[in-house]
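Report on the structure given below.
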Amino acid sequence: MTHESRPWIMPVPNPSPDWSSEHPIWNPIAETLPRAEREALQLERLRELVGRVARVPFYRDLFAHREIGPHSIRSLADLRRLPFTTKDDLRRQHPLGFLAVPRRDLARIHGSSGTTGKPTFVAYTAGDLRIWSELCARFLVAGGLRPEHTAQVAFGYGLFTGGFGLHYGIERVGATVIPAAAGNTRRQIEIMRDLDPEALICTPSYALTIADAARELGMDPRALPIRFGHFGGEPWTEDMRREIEDQLDIAAFNNYGLSEVIGPGVSGECTARTGMHLQEDHFLVECLDPETLEPVPEGEPGELVITTLTREAMPMIRYRTRDIARLDRGPCACGRTTTRMSRVAGRTDDMLIIRGVNVFPSQIEEALLRVEGTTPHYLIEVSRPGTLDEVRVKVEIHPEIFSDRMDRMQAVRDRISREIQTVAGIRAHVDLVEPRSIERFVGKARRVLDTRGLNERES
Amino acid sequence: MKLQQLSLFLENRPGRLDAPLETIAAEGINILTLSLADTAQFGILRLIVREWDKAKRVLEQAGWVVNLTEVVAVDVLDRPGGLAAVLKILDGAGLNIEYMYAYSLRRGDKAILIFRFEDPDRAIQILLDQGLHVVDGDELMSFAAA
Ligand SMILES: [Zn+2]
């Protein structure tokens, strides 16, 4: 099969970035398409996709049952007639039941980390890999990478999509890659000092590990040569961004992706840093209420549901990411016309329904961050003493907010309550508690204690 | 002339006061006076001790959040109107009292009050100008020993 016989790859023209511009755009055509043109392209690709996924037994059966075919897609709104795909569906088709191409057409197989069960495999054709590099190149350039730069990749190389995805993206931009891979932090620092990379590519927590290690070696992490970093692969906060930027004296950019749809490259930040630009010529992204599965009003948090428009080996129809974020379709200062998504604010698995309102632990964290400038240890206790849900947020006292004055302490507590009301839309009792009084667990801290008996949650 | 006061955050539950006091006692540090301000849910314990720096260190090592504040001790005639007279002076000078409490020991016909001012230096100046007796650390200690 030649690529010419797969029209869904082609309509993206070869990029010709204007490197003389202060904020170059890797693919000036695809990333700045007027909304109407992009939607026309999406519709064409969606219709073609619906025909193509009929080669996957899972979709063929569902479509046959619902009498769905390319003819069913007359507008983008018809996306909502299509069924969802979940992680459980992928597991049930283990290992490669979702292939839409013959096995011999595969160029690579990656896997998800499998923290919640057995790993799921993700397959790519050569065409998929080309598109993946293109998508990574887009966000890398949006966040400062130039062909003359050197980037150190301190992501794991392996089944995990982070290392290889970013590696090929950097090569695609024409920059130099140092495939340092994850681990051996001292060695990472030596490489940095020897080779002067401008960019660091890793998880946000590993960036902080590098800063720690530099200090242990008696060095000032701010003196390291790196000037910016692209961080992803795990959820992080604005608080963490400030830490990274301050400790390493760099600009830190966020990117998003998940292996089930492709890996990193679904979206990434530009220098305006007001959200991550979604690559909408390749993905249709919905933001839905995870309970009702209806779209949330624009700007409200909801579950991202992603349809891959151009993936060949393993196309996904309405894949439920379980990631909670907000979408912003407003214009961006950088000139890109694509929708931006917020940082991932939580997982649907963590979602609490309190008096009918969807609440995420991350919203409580945001409220605490606003009041205290940092995230203390906290615990959300949800109970139902009578017929109504009651929320009690326990917040550990730390030196920065402790005062000998009772009025100040009460003011802190009241401000936390008000911010929780603003951010999460619920009324919560706030208890200030002694330091180290909230139980710690190895690895993850338990953030929620739900005693309503409605659902067992451990998060 | 200022005194160093330690403050601790405590949850308001029975017996909660014991732990920090035992921590200090175990180090042989004398507590000169203490006061507890509390709400239904939490409290702030304020302590004046002989060796505040050592006390602060051992309390922090034991995991408490400890705050250090400067307070001012003033002696007042322990009779009706004694306190009112001092408050009137402070009020007249426009000094804000964040809080106050009585020292645990008395000296003859005098009681000692501990004041937390927004601006302790200015407060001391005004108190002295008005002929009041500001009790400094050494004096407070010596009289506790007496
Ligand atoms: Zn932008």
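Throughout, protein chains are lettered first and strands after them, A, B, ... in sequence-line order, and every chain is numbered starting at 1. Any value given below was found using the heavy atoms of this structure, including those in side chains, with hydrogens, waters and symmetry copies removed.
The shortest side-chain heavy-atom distance between B:Phe42 and A:Asp431 does not fall under the 4.5 Å cut-off.
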Next item on the list: Take A:Asp407 and B:Tyr99 through the side chain to side chain donor-acceptor pair (under 3.5 Å) test and state the conclusion after the steps.
Entry: CA-CA 10 Å; A:Asp407 55 342; B:Tyr99 55 80; over 6 Å; no
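Around the CZ atom of A:Arg427, the shell of radius 6.0 Å holds no more than 12 heavy atoms that belong to other residues, nucleotides or ligands. Shown here is A:Arg222, whose CZ atom has more than 12 heavy atoms of other residues, nucleotides or ligands within 6.0 Å.
The minimum heavy-atom distance between A:Phe402 and B:Ile44, with the atom names listed, is CZ-CG2, 4.1 Å. Contact detail for A:Pro435 and B:Gly63: the closest heavy-atom pair is CG-O, 3.2 Å.
Partners of B:Lys56 by salt bridge (Lys or Arg N to Asp or Glu O under 4.0 Å), not counting sequence neighbours, listed by chain and number: B:Glu60. Evaluation of the salt bridge (Lys or Arg N to Asp or Glu O under 4.0 Å) rule for A:Arg326 yields no partner, not counting sequence neighbours.
The main-chain N or O of A:Val433 is never found under 3.5 Å from a side-chain atom of B:Glu11 such that the two would form a donor-acceptor pair. Looking only at distances, no side-chain donor or acceptor of A:Asp404 sits under 3.5 Å from a matching main-chain atom of B:Asn67.
For chain A, the nearby part of B:Glu98 is the side chain; its heavy atoms alone come within less than 4.5 Å. In this structure, chain A has heavy atoms under 4.5 Å from both the backbone and the side chain of B:Leu10.
Residues of residues 204-220 of chain A placed with any heavy atom under 4.5 Å of a heavy atom in chain B are absent; none qualify.
A side chain to side chain donor-acceptor pair (under 3.5 Å) check over residues 19-30 of chain B, counting only residues at least two apart or in different chains, returns nothing.
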